[in-house]
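The next block holds one structure in the form of structure tokens; read it before the comments.
Every chain is numbered from 1 and lettered A, B, ... according to where its sequence line falls, protein lines coming before strand lines. This structure is a prediction, so every number in the text was calculated from the model and none was measured.
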Protein chains: 2
Amino acid sequence: MTFSVATIAAEAVAPPPIPAPQPRTAEAVTGRCAGCSARSKGLCGALTAGDLPDLSTTSRPLDLLSATPVVMEGEEADAVFTVMSGMLKLYKTLPDGRQQITGFATAGDVIGLAVGTGYAYTAETVTASTVCRMSRTALRRLMERHPAVQGRLLAMTSVELSAAQDQILLLGCKTAVERVSSFLLALSRRSRPLADGTPSVFLPMPKVDIGAYLGLRPETLSRVLRKLEGAGAITRLTNDRIRIEDPAVLEAAA
Amino acid sequence: MTFSVATIAAEAVAPPPIPAPQPRTAEAVTGRCAGCSARSKGLCGALTAGDLPDLSTTSRPLDLLSATPVVMEGEEADAVFTVMSGMLKLYKTLPDGRQQITGFATAGDVIGLAVGTGYAYTAETVTASTVCRMSRTALRRLMERHPAVQGRLLAMTSVELSAAQDQILLLGCKTAVERVSSFLLALSRRSRPLADGTPSVFLPMPKVDIGAYLGLRPETLSRVLRKLEGAGAITRLTNDRIRIEDPAVLEAAA
DNA sequence: GGGTCCGGTTGATCCAGATCAGGGCGGGTC
DNA sequence: GACCCGCCCTGATCTGGATCAACCGGACCC
């Protein structure tokens with residue numbers, strides 16, 4: 001699954017409110033990162049506790065409402081963002097408006113890494129989210145000072161690349177049923193099961209976004225889900241939660 | 001697309017420029033890499049001439065006929081290969097035999113980088129090729145000894161990721177005509193024009209492989225090429241060479 | 001020479017999924 | 001309450017590209 005590092009850009013059209021000024025004493029900033037829920041993930045996981053001041057002084061958390069753009073495709077890539085909570089969609093847009101979602105980012109994922117000067121895609125929250133901003137120059141300095149960060153970045157980028165190649169296989173070869181089954185299985189591997197132990201997946205994003213990720217229309221997605229439900233593979237609990245009744249059926253279909 | 005690795009290095013530490021070759025005592029091994037046509041590309045471009053013995057003693061060139069597998073999806077990833085000449089196709093296979101080509105590798109590209117223990121794809125020559133083998137442990141040692149190699153690897157992986165996301169956009173959104181036009185344009189940007197200055201592309205791989213890369217059947221590819229030829233966008237010179245008559249028409253279609 | 005094989009091309013037909021259209025429902029607002 | 005609006009679902013129809021089928025021409029072999 002893609003969920004992970006993304007690339008995108010620039011200034012949000014509707015910038016989120018700027019948080020109150022941060023305390024700048026070492027203790028305060030160290031404490032902020034030390035208590036971060038994404039502390040062990042993303043780039044930060046490559047640093048030891050002693051390095052936290054380096055992080056806290058160069059990064060800044062942002063609380064965002066849903067449907068808020070974080071970076072815009074093509075704009076100057078001057079910062080990267082680590083997702084602390086929530087979910088974002090990453091997408092590319094063709095000149096005529098067609099959009100392809102390349103991935104969804106959740107806690108620990110890093111978005112905004114760019115090859116050139118511009119973000120490669122747009123990132124936008126699909127639920128209320130918290131992200132942590134770090135300027136590109138700060139990231140560069142951090143990498144120079146802590147080589148482990150570069151290693152972590154390489155590892156994350158490699159995982160992203162592998163996920164992207166899986167998505168290429170999905171889009172190039174698979175049928176609608178296979179795509180949806182693969183998607184549900186990949187998601188279920190990343191989420192905790194229900195209280196009774198059966199696996200389930202949480203789908204906070206609108207169906208049209210899932211379709212845009214899988215290369216399908218929302219109508220088709222709806223029909224496929226109905227078919228999978230009829231086959232006993234899944235049960236739709238609510239609009240945004242699906243229980244996996246029989247992973248084997250999904251495996252066979254994927 | 002996967003094609004050769006470009007230059008720009010995301011956030012990576014910039015590799016040093018390549019100085020002129022310098023004489024060494026171990027002339028035999030130094031000489032082999034010093035005269036390598038891919039010397040300035042791929043991972044090797046991150047090293048200075050003085051480091052060449054490190055390379056020569058751990059890497060070994062291999063001459064391969066066409067249709068020769070180099071790495072197999074799922075097998076233990078114990079080595080990486082730098083392409084010195086020729087062309088390879090990289091593909092993933094579904095259990096029922098459907099194949100999706102994720103990219104073509106040419107001189108300077110590195111294949112066989114793996115996230116886990118197994119190769120993520122199969123790589124097979126499409127023309128007679130020369131590749132240079134380096135064991136994974138040797139690569140790890142090289143990275144430890146020369147941090148610039150890790151930076152180069154990150155840069156190359158980032159470019160690969162960006163290309164993969166472009167391919168996701170292509171497969172998820174574009175029509176057959178748009179796919180072929182995008183493909184021809186991307187190729188033409190990487191190849192030298194004909195003697196008379198008009199751009200052209202070289203397609204040594206069979207049409208079925210181009211189709212497997214673009215998510216199209218060979219019949220469809222043939223029809224699209226005919227249509228583009230009819231529109232005055234291209235001319236088919238030989239079976240494996242196409243002249244771009246009007247890049248603007250392709251741009252409009254892509 | 002004649003044969004086979006294989007890649008490519010062209011034509012006819014089919015079908016998975018897109019598109020078009022309508023309706024239901026839950027949440028928000030006044 | 002009534003109204004609106006977004007999202008989702010379902011049915012009917014359409015279509016781009018797949019599939020099926022035939023043919024062609026060059027490479028290779030005997």
Side-chain angles (χ1 to χ4, degrees), chain A residues 65-67 89 94 96-101 124-128 170-183 202-230 234-242 253-254, chain B residues 65-67 87 89 94 96-101 124 126-128 170-183 202-230 234-242 253-254:
Chain A
L65 297 177
S66 65
K89 62 175 174 180
L94 289 177
D96 65 359
R98 279 174 288 174
Q99 294 186 342
Q100 175 66 35
I101 292 184
E124 182 183 315
T125 56
V126 296
T127 67
L170 181 144
L171 293 171
C173 285
K174 295 189 183 180
T175 66
V177 170
E178 290 166 343
R179 292 179 197 199
V180 176
S181 299
S182 301
F183 175 71
F202 177 47
L203 302 168
M205 67 292 268
K207 295 280 177 288
V208 64
D209 284 348
I210 300 175
Y213 177 61
L214 298 176
L216 299 173
R217 300 283 124 191
E219 296 94 327
T220 302
L221 179 60
S222 174
R223 287 184 244 270
V224 169
L225 288 176
R226 184 154 51 100
K227 181 183 251 189
L228 289 177
E229 195 163 21
I234 62 172
T235 301
R236 296 201 243 183
L237 302 177
T238 66
N239 199 16
D240 59 7
R241 185 164 289 280
I242 288 178
Chain B
L65 296 178
S66 64
M87 179 178 283
K89 61 175 175 180
L94 289 176
D96 66 358
R98 281 174 289 174
Q99 295 186 342
Q100 175 66 35
I101 292 183
E124 182 182 315
V126 297
T127 66
L170 181 145
L171 293 171
C173 286
K174 296 189 183 180
T175 66
V177 170
E178 291 166 343
R179 293 179 196 200
V180 175
S181 299
S182 300
F183 175 71
F202 177 47
L203 302 168
M205 68 292 269
K207 295 279 178 292
V208 65
D209 284 348
I210 299 174
Y213 177 63
L214 298 176
L216 300 173
R217 299 283 127 191
E219 297 95 327
T220 302
L221 180 61
S222 174
R223 285 184 245 269
V224 170
L225 288 175
R226 185 153 51 103
K227 181 184 251 188
L228 290 176
E229 195 162 19
I234 62 173
T235 301
R236 297 202 242 180
L237 301 176
T238 65
N239 199 17
D240 59 7
R241 182 162 292 279
I242 287 177

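- Here B/Arg226 does not reach the OP1 or OP2 of C/dT9: none of its side-chain N or O atoms lies under 4.0 Å away.
- Between the side chain of B/Thr127 and the backbone N or O of B/Met87, at least one donor-acceptor pair lies under 3.5 Å.
- In this entry the distance linking CG of A/Asp240 with P of C/dG26 reads 14 Å, nearest Å.
- Listed nucleotides: C/dA18, C/dT19, C/dT10. Nearest to the side chain of A/Thr220: C/dA18.
- For the pair B/Ser222 and C/dT9, the criterion of a side-chain N or O lying under 4.0 Å from OP1 or OP2 is met.
- Taking atom CG of residue A/Leu237 and atom P of nucleotide D/dC8, one finds them 16 Å apart after rounding to whole Å.
- Between A/Ala176 and A/Glu219, it is A/Ala176 whose nearest contact on DNA chain C lies nearer the 5' terminus.
- Here the side chain of A/Arg217 pairs no donor or acceptor atom with the backbone of A/Gly211 at under 3.5 angstrom.
- Phosphate proximity of D/dG17 to B/Arg223: absent, as no side-chain N or O sits under 4.0 Å from OP1 or OP2.
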Exercise for the section: Evaluate the criterion side-chain contact (heavy atoms from CB on, under 4.5 Å) for residue pair B/Leu171 and B/Arg179; output intermediate values, then yes/no. Expected result: CA-CA 8 Å; B/Leu171 293 171; B/Arg179 293 179 196 200; 3.8 Å; yes

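- We find that CG of A/Leu171 is positioned 16 Å from C1' of C/dA18, with the value rounded to whole Å.
- Taking atom CG on B/Leu203 and atom P on C/dG8, their separation rounds to 10 Å, with Å as the unit.
- Computed from coordinates, the B/Glu178 CD to D/dG16 C1' distance equals 12 Å when rounded to whole Å.
- Atom CG of A/Asn239 is separated from atom P of D/dG6 by 16 Å (rounded to the nearest Å).
- Nucleic acid contact class of B/Arg236 (heavy atoms, under 4.0 Å, all strands): sugar-phosphate only.
- Between atom CG of residue A/Leu221 and atom CG of residue A/Leu214 there is a gap of 7.0 Å, rounded to the nearest 0.5 Å.
- When rounded to the nearest whole Å, the span between NZ of A/Lys207 and P of D/dT10 equals 12 Å.
- Look at CZ on A/Arg217: it is 16 Å from P on C/dA21, rounded to the nearest Å.
- Heavy atoms of A/Gly211 sit nowhere under 4.0 angstrom from any nucleic acid atom.
- Counting heavy atoms from C-beta outward, A/Thr235 and A/Glu229 have side chains that approach closer than 4.5 Å.
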